Amino acid sequence: MVKLFNTLTRSKEPVEGSSLRIYSCGPTVYNYAHIGNFRSYLFADVLNRTLKLAGYQVEHAMNLTDVDDKTINGAIELTKKEPGKYADLKSALAAYTAPYTEAFFADLKTLNVIKFDHHPRATDYIPAMLDLVERLIQNGVAYEQDGSVYYRIGEKKDYGKLSRVDLEKNKTGTRYNTDEYDKDDVRDFVLWKAESKDGVHWHSAHGDGRPGWHLECSAMIHEIFKGGIDIHTGGVDLIFPHHENEIAQSEAGYGAEFVKHWVHCEHLLVDNRKMSKSAGNFYTLRDLLQQGKRPEVIRYFLLSAHYSQKVNFTAEALHQAEAGVEKFYSLWQRLTRVKKNSAQADAEFAKTSAEARAKFTAELCDDLNTPRALAVVHEYIRAANAFADARQDVVAEADADEMMQTLRHFDKVLGLLDLIPKTGVSGDLQALLDERNAARAAKDFKRADELRDQLLKAGYKILDTKTGSHLEKV
RNA sequence: GGUGUCGUAGCCAAGUGGUAAGGCAGAGCUCUGCAAAAGCUCCAUCGCCGGUUCAAAUCCGGCCGACACCUCCA
């Protein structure tokens, strides 16, 4: 049974049921996603993987926001750059968002995020959104004003239950700019925005317009899951107003319970500061890869802190993550080359392994405690290395299997083994290694050390073991 | 102004009433021709002050210090 902290109740609650419907807020495809975004998507991945490891059936959707102010501005820029190329602004919008959508999927793959079942795009769900708008008007909680439709917050008695924002108090001392709005109440939020024929627009009973930001998630959840969902995830910044508004419109429009479990992931800081373009500490995944950072290291780094805590992205932290990944890989590679015999399995070690697997799962089931899960992994790595040390790298096949099976079990959530760098050792390198070992056997240590340095420069370090020498990528 | 989060060793980071997980870095040792890798050993009383309790990092109050949301934002 997995337990998750529920933002709605501010307490850890069990996830009931065996078949779960999950919706995670995904990217707005107006740019390449940054490392902070990926924390959130990786969090969704860890949730997904953990639930499956714990035996749940999972149907998981992550949306793509492809129509909003930012994407529309991008589309307008496109048409300015290449006048006449696009039939209308809507097709320019599609052209503008396509490469970022593609990049997003590529980036998820780079980080070894398991594919989600659905990736609904807002523009594919306009009818569903308009349907929700009509329901809200019929139910008396939304009203039209100059071609736009607004949600009347005053009608929702428990508005604010998720974020615990008290709009009555917030009304004064506020940053709302009243002049910009034609709404009955400044706090009301827009469901449907009137838009001229020149803008990105769809036809509706209220004239031409386009959806407000909050609308898509409610409509898509309703369409895809035909009802409420079990878990909804997103970054903490979405709690208010986005998720609060989603709750309001979904509950008022569809009636039934909307979301059982709200789970939010904290922000990532870079060098202890909020990441922002103006501060010059804004990194996309692509930027980092270009700097030579490895995806598996980024993945490990993001797992090393609990999702509910801020995590600080620094060069030092990344270095520490790299060391952790190396330890994991290095044991895996050791196991692939260990000499095997047909001796009986070591019962005590089998027990250690089984306990480690169980503990790993248990830690994750406890509100996705990845730091504790990693602690279990490290303890196991130590035990396994000690086991192999004691047997001078000659172990029973059954024991080797046990160890690999355990690492694979960890990897069902860690997702690191798929990203292991290919260690194809060329014949040239192998020849150098052989020559070095021959020199060493002949006690020509000067020559042996020269060759070792040469290999290191080529990017390989030598591991001398009882069963022979091996090269491992640095 | 409102709401909320956080402050644990040089660094990263768990633990939320029973006497401080794990990792990185560092030191010593084993192994090694020397190294590397691996293993073993060592390395903190939890921002400050007060309170509750047999017992507090963990609960309560105050203070100090970071930060987030309230506006597009993962």
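Because only heavy atoms are used, hydrogens play no part in the values below, and waters and symmetry mates are left out as well, while side chains stay in. Computed from a predicted structure; not experimentally measured. Letters A, B, ... are given to chains in the order of the sequence lines, protein chains preceding strands, and every chain is numbered from 1.
Using atom C1' as the reference point in both rG51(B) and rA20(B), the two lie 23 Å apart (nearest Å). Taking atom P on both rC6(B) and rG15(B), the two are 11 Å apart, rounded to the nearest angstrom. Spacing between rA44(B) and rG10(B) at atom P, rounded to whole Å, works out to 10 Å. Nucleotides rA55(B) and rG4(B), compared at atom C1', are 31 Å apart to the nearest Å. Between the C1' atoms of rU45(B) and rG18(B), the separation comes to 15 Å (whole Å). Using P as the reference atom, rG28(B) and rG47(B) are 32 Å apart when rounded to the nearest Å. Rounded to whole Å, the separation between the C1' atoms of rC73(B) and rC63(B) comes to 34 Å. Taking the P atoms as reference points, rG22(B) lies 12 Å from rC43(B), given to the whole Å.
Considering only the side chain of F445(A), rG33(B) comes nearest among rG33(B), rA74(B), rG23(B). Side-chain proximity of Q320(A) to the nucleotides rC34(B), rG4(B), rC24(B) is greatest for rC24(B). The side chain of R372(A) lies closest to rA14(B), out of rA36(B), rC70(B), rA14(B). Listed candidates were rU32(B), rG39(B), rC24(B). Nearest to the side chain of R382(A) is rG39(B). In the set rA36(B), rC24(B), rU3(B), the nucleotide with an atom closest to the side chain of D464(A) is rA36(B).
Side-chain atoms of R452(A) and base atoms of rA35(B) include a donor and an acceptor less than 3.5 Å apart. You won't find any donor-acceptor pair under 3.5 Å spanning the side chain of N369(A) and the base of rG15(B), going by distance alone. For rA14(B), its base never sits under 3.5 Å from the side chain of H306(A) at any donor and acceptor pair.
rG17(B): no Watson-Crick or G-U partner with both key distances under 3.5 Å is found in any strand. In this structure, rG10(B) forms a base pair with rC24(B), meeting either the Watson-Crick or the G-U wobble geometry with both donor-acceptor distances under 3.5 Å. Here rA57(B) sits opposite no nucleotide as a Watson-Crick or G-U wobble pair (both hydrogen-bonding atom distances under 3.5 Å). Pairing for rG39(B) goes to rC29(B), judged as Watson-Crick or G-U wobble with the two contacts each under 3.5 Å. Using the Watson-Crick or G-U wobble rule with both distances under 3.5 Å, rA66(B) pairs with rU5(B).
D434(A) and Q430(A) share a side-chain donor-acceptor pair at under 3.5 Å. Counting only N and O atoms by type, the side chains of T284(A) and D287(A) include a donor and acceptor under 3.5 Å apart. Remark: the H242(A) side chain and the E246(A) side chain contain an N/O donor-acceptor pair separated by less than 3.5 Å.
Not one N or O on the side chain of R273(A) forms a donor-acceptor pair closer than 3.5 Å with the backbone of N281(A). A donor-acceptor distance shorter than 3.5 angstrom exists from the side chain of N6(A) to the backbone of W262(A), with no hydrogens or angles considered.
The distance between atom CZ of R337(A) and atom P of rA37(B), rounded to the nearest whole Å, is 14 Å. Atom-to-atom, CZ of R436(A) to C1' of rA36(B) comes out at 9 Å; the value is rounded to the nearest Å. When the P atom of rA38(B) is taken as reference, atom CE of M403(A) falls 15 Å away, rounded to whole Å. Remark: P of rG23(B) and CZ of F328(A) are 15 Å apart, rounded to the nearest angstrom. In this structure, the CH2 atom of W262(A) is 19 Å from the P atom of rG4(B), given to the nearest Å.
Classification of K274(A) and D237(A) as a salt-bridged pair fails, no side-chain N sitting under 4.0 Å from a carboxylate O.
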